Amino acid sequence: IHYDKDYAIANGLPGIIVHGALKGAWLGQFVVDFIGLEGNLRKLSCQYRGMDLPNDTISCKGKVTNKYVKEGEHYIECEIWVENSKGEKTTPGTSIATLPSRGQTSP
């Protein structure tokens, strides 16, 4: 269903679909790009709730849902998702990362 158009169509799909693991990888890259080199991704999870088709516009989006300090580390929790051109969240997920505090310098 991800590589063979005829097989995908024979299984009731409109054609090949974007692989879920690829969408998960995009979300991981999205978060890592957001937190930058000084950040540390601690947890990433997503669920495959909808199919995305090649040649559709697919976007990774997110929002910070919580910020806190635990054992001296500064954490952010985010809601993240892959969204299709219709605005549907096809791959929702969450992430947790640590960031240096403002004014903190690298070792």
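Since the model is a prediction, treat every value here as computed from it, not as a measurement.
Here the straight-line distance linking atom OG1 of Thr57 with atom NZ of Lys86 works out to 12.5 Å at 0.5 Å rounding. Atom CG in Asn66 sits 9.5 Å away from atom SG in Cys78 (nearest 0.5 Å). Note that OH of Tyr68 and CD1 of Ile76 are 10.0 Å apart. Values are rounded to the nearest 0.5 Å. For the atom pair NZ (Lys23) and OG1 (Thr91), the distance works out to 3.0 Å, reported to the nearest 0.5 Å. Rounding to the nearest 0.5 angstrom, the gap separating the CD1 atom in Ile96 from the CG atom in Asn40 is 12.0 Å. Note that NZ of Lys43 is 9.0 Å distant from CD of Glu77, once rounded to the nearest 0.5 Å.
Residues Thr90 and Asn84 bring no donor and acceptor atom of their side chains to less than 3.5 Å of each other.
When the side chains of ILVMFWY residues are joined at heavy-atom separations under 4.5 Å, either directly or via intervening members, Trp26 and Leu41 end up in a single hydrophobic cluster. Hydrophobic clustering places Ile35 together with Leu27 (ILVMFWY residues linked when any side-chain heavy atoms are closer than 4.5 Å, directly or through intermediates). Note on Tyr48: it does not cluster hydrophobically with Phe30, by side-chain heavy-atom contacts below 4.5 Å among ILVMFWY residues. Residues Tyr7 and Leu22 fall into different hydrophobic clusters, defined by Ile, Leu, Val, Met, Phe, Trp and Tyr side chains chained together at heavy-atom separations under 4.5 Å. Tracing side-chain contacts under 4.5 Å through hydrophobic residues (I, L, V, M, F, W, Y), one never reaches Ile16 starting from Met51; they form parts of separate clusters.
For Val82 against Cys60, the heavy-atom pair with the smallest separation is CG2-SG, 4.2 Å. What you find for Ser85 and Asp56 is that their closest heavy atoms are OG-OD1, 2.5 Å. Taking every heavy atom of both residues into account, Cys46 and Gly24 meet most closely at SG-CA, 3.9 Å. Scanning both residues, Ile17 and Pro54, for their nearest heavy atoms gives CA-CD, 4.3 Å. Contact detail for Gly39 and Pro100: the closest heavy-atom pair is N-CD, 4.5 Å.
For the pair Ile80/Leu44, a side-chain contact is recorded, criterion being any heavy-atom separation below 4.5 Å from C-beta on. With contacts defined as side-chain heavy-atom distances shorter than 4.5 Å, the pair Glu79/Pro92 does not qualify.
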Fill in: Check against salt bridge (charged side-chain N to carboxylate O under 4.0 Å, His left out), Glu83 and Lys89
CA-CA 4 Å; Glu83 183 175 296; Lys89 294 180 181 179; over 6 Å; no
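The number of heavy atoms from other shown groups lying within 6.0 Å of CZ (Arg42) is above 12. For Asp33, the CG atom counts as densely surrounded, since its 6.0 Å shell holds more than 12 non-hydrogen atoms of other residues, nucleotides or ligands. Taking a 6.0 Å sphere around CZ of Phe34, one finds it holds 12 or fewer heavy atoms contributed by other residues, nucleotides or ligands.
The cationic group of Lys61 does not satisfy the cation-pi geometry with Trp81, failing either the under 6.0 Å distance to the six-membered ring centre or the 45° limit from the ring axis.
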